[in-house]
Amino acid sequence: MQEETKQKFGEHYICLGGCRGVSKVPGACNSPSCVNHNHKLVKCNCTDGLHNNFELLLQ
């Protein structure tokens, strides 16, 4: 079941600025009202869609 959940959410990137932005591709937050606008999104490895288990995307 955990593998099925991983496939459901797949690889995705989230904004930590409070806008709750999620993207399937790496990039930057594009929400003008977000405190992290234009900041890099972080890779999220969550399996439940709650984004509590992320690791920073280091570059």
Side-chain angles (χ1 to χ4, degrees):
M1 172 129 162
Q2 186 176 4
E3 190 60 38
E4 180 181 310
T5 305
K6 281 183 183 178
Q7 289 175 355
K8 179 179 177 183
F9 291 100
E11 186 171 284
H12 58 281
Y13 301 83
I14 60 172
C15 176
L16 300 178
C19 71
R20 303 177 70 96
V22 179
S23 176
K24 293 280 187 190
V25 295
C29 178
N30 61 6
S31 177
S33 61
C34 181
V35 297
N36 275 4
H37 179 65
N38 287 329
H39 288 225
K40 286 186 180 181
L41 303 175
V42 295
K43 185 176 180 180
C44 181
N45 294 322
C46 76
T47 57
D48 58 7
L50 298 177
H51 314 299
N52 295 324
N53 183 21
F54 67 88
E55 61 184 55
L56 291 175
L57 178 63
L58 301 174
Q59 288 184 346

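Heavy-atom basis, side chains included; hydrogens, waters and symmetry copies ignored.
Taking all atoms of both residues into account, the shortest heavy-atom contact from Gly18 to Cys34 is N-SG, 4.3 Å. Smallest separation of non-hydrogen atoms from Val35 and Gly17: CG2-O, 3.1 Å. Residues Leu41 and Tyr13 approach most closely at CB-CB, 3.7 Å, considering heavy atoms.
Val22 and Leu16 fall within the same hydrophobic cluster, defined by Ile, Leu, Val, Met, Phe, Trp and Tyr side-chain heavy atoms under 4.5 Å apart, directly or through other members.
Within the 4.5 Å cutoff, side-chain heavy atoms of Cys44 are placed close to those of His12.
Atom SG of residue Cys46 and atom NE2 of residue His51 lie 5.0 Å apart, to the nearest 0.5 angstrom.
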